[in-house]
Each structure stands twice: as structure tokens, then as C-alpha cells.
**Q** 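Below are the C-alpha cells for one structure; questions will follow.
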Amino acid sequence: MGLVQWLKGQFLCHLVICYGFFVSGLLINLLQICTLPLWPINKQLARRINCKLGYSLTSQSVALLEWWSGTEITLYTDPENYRLYGKENAIVVLNHNFEIDFLCGWTFCDRFGVLGASKCLAKKELSYLPVIGWMWYFLEMVFIKRKWEEDKRNFVQSLQNLRDYPENFWFLLHCEGTRFTEEKHLVSMEVAEKKSLPKLKHHLLPRTKGFWVAVQNLRGTVAAVYCCTLNFRNNETPTLLGVLNGEKYHPDLYVRRIPLESIPEDEAECSAWLHKLYQEKDKFQEDYNQTGCFPGPKVTPPCRPWALINWLGWTCLLLYPLCLLLVQLVNSGSILSILATVAFCAAVSVCVRWMIGQTEVKSRDDLFTTSTKCNLQLKDFLPAPKHHSHD
Ligand SMILES: CCCCC/C=C\C/C=C\CCCCCCCC(=O)SCCNC(=O)CCNC(=O)[C@H](O)C(C)(C)COP(=O)(O)OP(=O)(O)OC[C@H]1O[C@@H](n2cnc3c(N)ncnc32)[C@H](O)[C@@H]1OP(=O)(O)O
Ligand SMILES: CCCCCCCCCCCCCCCCCC(=O)OC[C@@H](O)COP(=O)(O)O
């Protein structure tokens, strides 16, 4: 292991990264609060400023993935459609299997210049996450409690608000509604069986209402649905902690562009359409396991320097006062001040570790013990062994 790789694994480096992320995040949140008086006067300007502020925070984690861990996403897509990415609004439908799927999504957004404005249909609990959740509030992210009767008014209103959004945005929808685990898969395939739907091997059964409501309310605003299928080579199970440790992963992303006009307006037909889409996505995953690639030509969208410049800027800005403070502390010899500083660093690291914990998926072993609740057999759905190894 080289010196640089060794350094990337050191707790002190992680502490500096987390300190930069957390403190810059709090400052960004503060600046976002300062935009509040602007909303009634010039809403579009307030939204644009918040997009830039959002970019300044979110892109730090993109820089971590691209520059710190060296992870490069390979994109499989039609070159004709590629020209449109970033130049139109879109609903993104993405499989929800990996702990860093949101990070790969953000990287993809950054490559096409829509990172600051990108949105997601997210569970309400995420809005309480320090720094990130508070930032999302100002970016008009759509949050749901997953109780339809309570959600529907706010959900529709939040989507309607996006109709005059001043920047191009992608709206991410994980139709499966939760991360893929073996146990959830078994339960979900029981539902598929009851509904006489074909069983999926690599996806949970999609929940259709959210998709239908999003499509109906964003007609005329959004040009297309981007059907995205993400997978990692060599059976990698990427984690955010791995990224922080500088581990390099190999994600492959297959994107198909589907014009919104081609999606049925009627709820039942739209649901059937989405189920069919997931059957196709399942086939792509299966083929990927067999052949090691998705259909279509490969493209690597050019990496932009802004995420790195922003990250280095924040790091320098925040490390300078920290170093001054540490020197002063040592010189002062005050035990109380030193203890207070250590306590602050510990609090930052615990808080960020807790946030990282929110991205983690329950381990397979835990789930094997509970899967006996289901009538279906686990082996019926387990992915076929992968025969191919890649770069
Ligand atoms: C690569 C490019 C990326 C671009 C990235 C762009 C932007 C990035 C920006 C930010 C990134 C941040 C990332 C944050 C990630 C956040 C992830 C989440 O929080 S996921 C959780 C929240 N999201 C969802 O839940 C969305 C999916 N769910 C829905 O849409 C639902 O429809 C709903 C709106 C929540 C409503 O659900 P509800 O159950 O009330 O209604 P449904 O009609 O959908 O379902 C009822 C129906 O389902 C049947 N059922 C029961 N059990 C199951 C089961 N286990 N699986 C499937 N179906 C089930 C039930 O029988 C009902 O059927 P019926 O109606 O016939 O009786
Ligand atoms: C420089 C950068 C340093 C970065 C270090 C800190 C980064 C902290 C990142 C916080 C990331 C917040 C994004 C969380 C997205 C997690 C996805 C998620 O939580 O999905 C939930 C769904 O599945 C539903 O879950 P269930 O309730 O069904 O189970």
C-alpha cells in the first residue's frame, strides 16, 4: 500500500474531511436562512442562490468520490439522448440497492451541471439530518411520510411548486421505496404473486402511486423519464465509509431516455407501464451479471473541476482558523480549552458517523435469520452466481 493510500485510511484525515463538511455545511445553512427575506421579493433569485449554495455543499461529497476515492462512473447510453442530458428537466427512476447510489447519482448530476437543483422524493426522516436535511428544505426537496392520506396534499403541492423552477432539475424517484434486502425482496415478491405480476429477481416490486402522481403533476415541466440502472463491477458492495477510506469502486450506469408523452395518463395504465419498466430493468441487471456490461455504447462524461475547487476552497478556508486555534490552545496551556476542543472534534466526528449510518443497509446475515417469516423460498430469488470478473 502506498503512502497516499495509507494516509487516506487515517482517522485524522477523516476528521479533517468531516470537520470541513460539517462546518461548511452549517455556514451554508446560515447563508440559506439569510435568503429567507428575499423569497417574497424575488423568489426566482432566492431559488438560484440556494441552488449555488446547495451545490457548494453537495459537491464536496462528489469531490470525495471522484478525487479522493478515484471512483469513475461508466455511463452506457444512446449518444443521441446524451446530448439532451442537463438541458431539460427529467424524472429519474433509479434502482435502490447500494449504500452510495445517491452519491453516484450526484456525480452524474454534476457531470451534466444539474447538481445544485436536483431533487428527490425522500422519506420525511431525512429532512431532519443535520446540514444535508436542512439544506434540502431550501432546495424544495419533496418529503413524504409514506402514509398516502397524510402525504397526498403536500406531495402534489410540492410538485406543482416545481413548475416554474428557474434551473434545470432532475427529480429522483426510487420507486421501490426502500433499499433492496433479501427479506424485503421475499415480502415484495409475495405481493407480486398475489397481484399475478411476474417476479423480479434483482428489484423489489415498484410502488406505483408516487410515480404516477409525479408524472401527472410534472407534465409540461419535465421532458422525459430517465430510466437508470446502476451496478458495480466485481460484485463490489460499496459503502460511504469505504469512500472515506479512499477505496476505488467501479460503478456502471445504464440510462435510457423515455419521452414523458409516451407514458399513459390513466393511473392503472401508468402502474402497468411502470411494472413493465421494472421487468425490463430486471432483465438488464440479469444480463449485466452474465455479460458484465449493459447494452449501448459507453461514454464517460467529462469531469468538471468545480467540485474539487470548491472542496479545496472550503478546506483551506476552514483549516486556517482551526490551525490558528490549535496553536493558541497549545500556547495557552489551558486544560479546559483543550478539553473543549477535543469534545468539539469528537462531537463532529460522532455526528458525521451517525449521518453516514443513515446511508447503511442492514447486513445480509441479519436478514437471513428473519426471512423465515415469508412463505417464499430465498433461493428462488437469489441472484445467479456471477461468472465474469472485470477490470
Ligand atoms: C442516476 C441519476 C440520479 C439523479 C439524482 C438526482 C437527484 C438526487 C437528489 C438527491 C439524492 C438524495 C437521495 C436521497 C434518497 C432518499 C431515498 C428515500 O427516501 S426512498 C423512500 C421514499 N420514497 C418512496 O417511498 C418512493 C416510492 N414510493 C411511492 O412512490 C409510493 O407510491 C408512495 C407515494 C409512498 C405511496 O405508497 P402507498 O403504499 O401508499 O401506495 P402505492 O399504491 O404505491 O402502494 C400500495 C400498493 O402496494 C402494495 N404493496 C404492499 N406491500 C408491498 C411491497 N412490499 N412491495 C410492493 N408493493 C406492495 C399494496 O398491496 C398496494 O397495492 P394495491 O393498491 O393494489 O392495494
Ligand atoms: C466531504 C464529504 C464528507 C462526507 C461525509 C459525510 C456525508 C454525510 C452524507 C449524508 C448523506 C445523506 C443522504 C442520505 C441518503 C440515504 C438514502 C436513504 O436513506 O434511503 C432511505 C430509503 O432507502 C428508505 O429507507 P427505509 O426507511 O425504508 O429503510
Side-chain angles (χ1 to χ4, degrees), residues 14 16-22 24-25 54 57-65 68 73 75 85 90-96 99-109 112 114-115 117-126 129-133 136 139 141-149 151-152 155 169-181 184-192 194-195 197 204-214 226 228-230 240-241 243-244 251 253 255 267-268 271 274 311 314-315 351-362:
H14 302 168
V16 169
I17 291 173
C18 294
Y19 160 80
F21 179 75
F22 197 72
S24 65
L57 181 57
T58 316
S59 68
Q60 291 182 41
S61 50
V62 170
L64 191 79
L65 185 76
W68 182 261
I73 303 183
L75 185 63
Y85 299 157
I91 295 174
V92 173
V93 171
L94 176 66
N95 54 311
H96 201 20
E99 292 189 3
I100 61 162
D101 46 23
F102 71 94
L103 200 48
C104 295
W106 278 341
T107 305
F108 182 49
C109 290
F112 293 95
V114 292
L115 180 60
S118 284
K119 329 233 162 279
C120 176
L121 179 61
K123 60 176 181 178
K124 182 78 184 152
E125 294 88 323
L126 291 178
L129 276 183
V131 172
I132 288 264
W136 280 341
L139 293 177
M141 198 79 122
V142 184
F143 292 106
I144 47 167
K145 296 181 188 158
R146 295 185 278 190
K147 292 177 189 144
W148 185 240
E149 281 312 308
D151 284 330
K152 65 181 172 196
F155 185 16
F169 66 86
W170 290 350
F171 183 76
L172 172 67
L173 197 52
H174 288 297
C175 296
E176 292 158 83
T178 188
R179 285 245 180 65
F180 185 101
T181 65
K184 290 179 205 166
H185 183 223
L186 287 169
V187 175
S188 139
M189 288 309 107
E190 282 191 347
V191 177
K194 279 192 200 125
K195 291 187 167 200
L197 286 164
L204 305 178
L205 196 66
R207 305 276 188 154
T208 56
K209 194 171 247 86
F211 177 77
W212 175 69
V213 173
Y226 295 168
C228 298
T229 310
L230 178 70
L240 200 48
L241 275 183
V243 174
L244 205 56
L253 181 68
V255 183
E267 182 173 1
S271 300
L274 188 68
W311 193 34
W314 274 116
T315 308
C351 188
V352 177
R353 183 63 192 85
W354 175 77
M355 283 165 71
I356 291 174
Q358 302 306 302
T359 68
E360 288 170 354
V361 187
K362 246 178 131 192

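Side-chain atoms are counted along with the backbone in the values below, which use heavy atoms only and exclude waters and symmetry mates. All ligand and atom numbering here is 1-based and tracks the order in the structure. Here, residue 1 is the first one in the sequence, and each next residue gets the next number.
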**Q** Run the numbers for me: atoms of ligand 2, each under 4.0 Å from some heavy atom of Arg146, listed by number.
**A**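 So the answer, numbered in order with elements, is 24 (C), 26 (P), 27 (O), 28 (O).
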
**Q** For Leu103, is there any backbone N or O sitting under 3.5 Å from a side-chain donor or acceptor partner on Thr107?
**A**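 Side chain of Thr107 to backbone of Leu103: a pair is present.
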
**Q** Decide whether the shortest distance between a heavy atom of Lys194 and an atom of ligand 1 is less than 4.0 Å.
**A**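 Per 4.0 Å heavy-atom rule, Lys194 does not contact ligand 1.
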
**Q** How far is atom 32 (O) of ligand 1 from its nearest protein heavy atom, and which residue and atom name does that atom have?
**A**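 Its nearest protein heavy-atom neighbour is Gly210 N, 2.9 Å.
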
**Q** Can you tell me how the ring of His174 sits relative to the ring of His96, calling it parallel under 30°, perpendicular over 60° and tilted otherwise?
**A**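 Correct class here is parallel.
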
**Q** Return yes when Val92 approaches ligand 1 closer than 4.0 angstrom through a heavy atom, no otherwise.
**A**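 Yes, Val92 has heavy atoms under 4.0 Å from ligand 1.
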
**Q** Look only at the side chain of Trp68 and the backbone of Leu244, and say whether a donor-acceptor pair between them is shorter than 3.5 Å.
**A**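 Here the side-chain-to-backbone pair exists.
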
**Q** With respect to atom 42 (P) of ligand 1, which of Glu125, Glu149, Lys152, Lys209 exhibits the smallest heavy-atom separation?
**A**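 Considering heavy atoms of Glu125, Glu149, Lys152, Lys209, the nearest to atom 42 (P) of ligand 1 sits in Lys209.
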
**Q** What do you reckon, does Trp148 have a nitrogen or oxygen under 3.5 Å from a nitrogen or oxygen of ligand 1?
**A**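 N/O-N/O distance below 3.5 Å does not exist for this pair.
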
**Q** Please identify which atoms of ligand 2 are closer than 4.0 Å to at least one heavy atom of Arg179.
**A**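 Those atoms are 17 (C), 23 (O).
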
**Q** Going by heavy-atom distance to atom 12 (C) of ligand 2, choose the closest among Val243, Leu129, Leu64.
**A**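 Looking at heavy atoms only, Leu129 sits closest to atom 12 (C) of ligand 2.
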
**Q** How does Ile144 reach ligand 1, if at all, at less than 4.0 Å between non-hydrogen atoms: by side chain, backbone, both, or neither?
**A**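 It is the side chain that touches ligand 1; the backbone stays farther off.
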
**Q** Of the backbone atoms (N, CA, C, O) and the side-chain heavy atoms from C-beta on, which set of Thr178 has a member under 4.0 Å from an atom of ligand 1: side chain, backbone, both, or neither?
**A**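 Thr178 to ligand 1: no contact under 4.0 Å from either part.
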
**Q** Can a donor-acceptor pair be found, under 3.5 Å and without considering hydrogens, that links the side chain of Lys184 to the backbone of Arg179?
**A**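 A pair under 3.5 Å: yes.
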
**Q** Does the residue His174 have a heavy-atom contact with ligand 2, meaning some pair of atoms that are separated by less than 4.0 Å?
**A**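 For ligand 2, residue contact (heavy atoms, under 4.0 Å) with His174 is absent.
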
**Q** Examine the proximity of ligand 1 to Lys147 and report which part, side chain or backbone, both or neither, has a heavy atom under 4.0 Å away.
**A**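 No part of Lys147 is near ligand 1 at this cut-off.
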
**Q** Hey, is Glu149 close enough to Lys209 for a salt bridge, meaning N to O under 4.0 Å?
**A**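 No, no charged N to carboxylate O under 4.0 Å.
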
**Q** Under 4.0 Å from a heavy atom of Cys109: which atoms of ligand 1 are those, numbered in the order shown and with their elements?
**A**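 The atoms of ligand 1 under 4.0 Å from a heavy atom of Cys109 are 4 (C), 5 (C), 6 (C).
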
**Q** Classify the contact between Leu244 and ligand 2 as side chain, backbone, both or neither, using a heavy-atom distance cut-off of under 4.0 Å.
**A**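 Looking at Leu244 and ligand 2, no heavy atom falls under 4.0 Å.
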
**Q** Counting only heavy atoms on the protein side, is anything nearer than 4.0 Å to atom 39 (O) of ligand 1?
**A**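 Given the 4.0 Å cut-off, atom 39 (O) of ligand 1 counts as touching protein heavy atoms.
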
**Q** Can you sort out the partners of Lys124 under salt bridge (charged side-chain N to carboxylate O under 4.0 Å, His left out), two or more places apart, ordered by chain and number?
**A**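 For Lys124 there are no salt bridge (charged side-chain N to carboxylate O under 4.0 Å, His left out) partners, ignoring immediate neighbours.
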
**Q** In ligand 1, which numbered atoms sit nearer than 4.0 Å to a non-hydrogen atom of Thr208?
**A**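 Going through ligand 1 atom by atom, the ones under 4.0 Å from Thr208 are 44 (O).
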
**Q** For ligand 1, does Trp136 get within less than 4.0 Å through its side chain, its backbone, both, or neither, judged by non-hydrogen atoms?
**A**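 Just the side chain.
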
**Q** Roughly how far, to the nearest 0.5 Å, is the CZ atom of Phe169 from the CG atom of Leu139?
**A**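 Interatomic distance, Leu139 CG to Phe169 CZ, rounded to 0.5 Å: 12.5 Å.
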
**Q** Based purely on interatomic distance, does Gln60 place a nitrogen or oxygen under 3.5 Å from a nitrogen or oxygen of ligand 2?
**A**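 Between Gln60 and ligand 2, no N or O pair is found under 3.5 Å apart.
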
**Q** For atom 23 (O) of ligand 2, find the nearest protein heavy atom and state the residue, atom name and distance (0.1 Å precision).
**A**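 It is His96 NE2, 2.7 Å.
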
**Q** Test your reading of the structure: does Thr178 have an N or O sitting under 3.5 Å from an N or O of ligand 2?
**A**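 It does: an N or O of Thr178 is found under 3.5 Å from an N or O of ligand 2.
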
**Q** Which one holds for Trp106 and ligand 1: side chain close, backbone close, both close, or neither close, with close meaning a heavy atom under 4.0 Å?
**A**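 The part of Trp106 near ligand 1 is the side chain, not the backbone.
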
**Q** Using a strict 4.0 Å cut-off to heavy atoms of Val191, name the atoms of ligand 1 that fall inside it.
**A**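 Within the 4.0 Å cut-off of Val191, ligand 1 contributes 50 (N), 52 (N), 53 (C), 54 (C), 58 (N), 59 (C).
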
**Q** Using every non-hydrogen atom in the two residues, find where Leu94 and Glu176 come nearest and quote the distance to one decimal.
**A**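 Scanning both residues, the minimum pair turns out to be O-OE2, 4.3 Å.
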
**Q** How far is atom 21 (C) of ligand 1 from its nearest protein heavy atom, and which residue and atom name does that atom have?
**A**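 Going atom by atom, the protein heavy atom closest to atom 21 (C) of ligand 1 ends up being Gly177 O, 3.3 Å.
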
**Q** Of the choices Phe143, Tyr85, Phe108, which has the non-hydrogen atom that lies closest to atom 2 (C) of ligand 1?
**A**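 Going through Phe143, Tyr85, Phe108 one by one, Phe108 has the nearest heavy atom to atom 2 (C) of ligand 1.
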
**Q** Which is it for Cys104 and ligand 1 at heavy atoms under 4.0 Å: side chain, backbone, both or neither?
**A**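 Looking at Cys104 and ligand 1, no heavy atom falls under 4.0 Å.
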
**Q** Should one rank Arg207, Lys195, Lys145 by closest heavy-atom distance to atom 59 (C) of ligand 1, which comes out on top?
**A**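 When every heavy atom of Arg207, Lys195, Lys145 is considered, Arg207 comes closest to atom 59 (C) of ligand 1.
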
**Q** Any heavy atom of Trp311 closer to ligand 2 than 4.0 angstrom?
**A**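 Right, Trp311 reaches ligand 2.
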
**Q** Any non-hydrogen protein atom below 4.0 Å of atom 19 (O) of ligand 1?
**A**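 For atom 19 (O) of ligand 1 the answer is yes, since some protein heavy atom falls inside 4.0 Å.
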
**Q** Short N/O distance, under 3.5 Å, between Trp106 and ligand 2?
**A**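 So ligand 2 has no N or O lying under 3.5 Å from an N or O of Trp106.
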
**Q** If you take all heavy atoms of Leu57 and Gly25, which pair is closest and at what distance?
**A**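 For Leu57 and Gly25, the tightest heavy-atom pair comes out as CD1-CA, 3.7 Å.
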
**Q** Between ligand 1 and Lys123, is the shortest N or O to N or O distance under 3.5 Å?
**A**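 Yes.
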
**Q** Check ligand 1 against Cys120 and write out every atom of the ligand that is under 4.0 Å from a heavy-atom position of the residue.
**A**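 Contacts of ligand 1 toward Cys120, numbered from 1: 9 (C), 10 (C), 13 (C), 14 (C), 15 (C), 16 (C).
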
**Q** Please identify which atoms of ligand 1 are closer than 4.0 Å to at least one heavy atom of Phe102.
**A**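 Near Phe102, meaning under 4.0 Å from one of its heavy atoms, ligand 1 has 13 (C).
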
**Q** Do any nitrogen or oxygen atoms of Lys123 lie less than 3.5 angstrom from nitrogen or oxygen atoms of ligand 2?
**A**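 For ligand 2, there is an N or O atom that lies under 3.5 Å from one belonging to Lys123.
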
**Q** Looking at His174, which atoms of ligand 1 are within less than 4.0 Å of one of its heavy atoms?
**A**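 In order of number, 17 (C), 26 (C), 27 (C).
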
**Q** Against heavy atoms of Leu121, which atoms of ligand 1 measure under 4.0 Å?
**A**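 Counting from 1, the qualifying ligand atoms are 22 (C), 23 (N), 26 (C).
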
**Q** For ligand 1, which atoms, with element, lie under 4.0 Å from some heavy atom of Leu126?
**A**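 Result: 16 (C), 19 (O).
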
**Q** Using the ring of each side chain (for Trp, its six-membered ring), is Trp170 parallel, tilted or perpendicular to Tyr85, with breaks at 30° and 60°?
**A**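 It falls in the perpendicular class, over 60°.
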
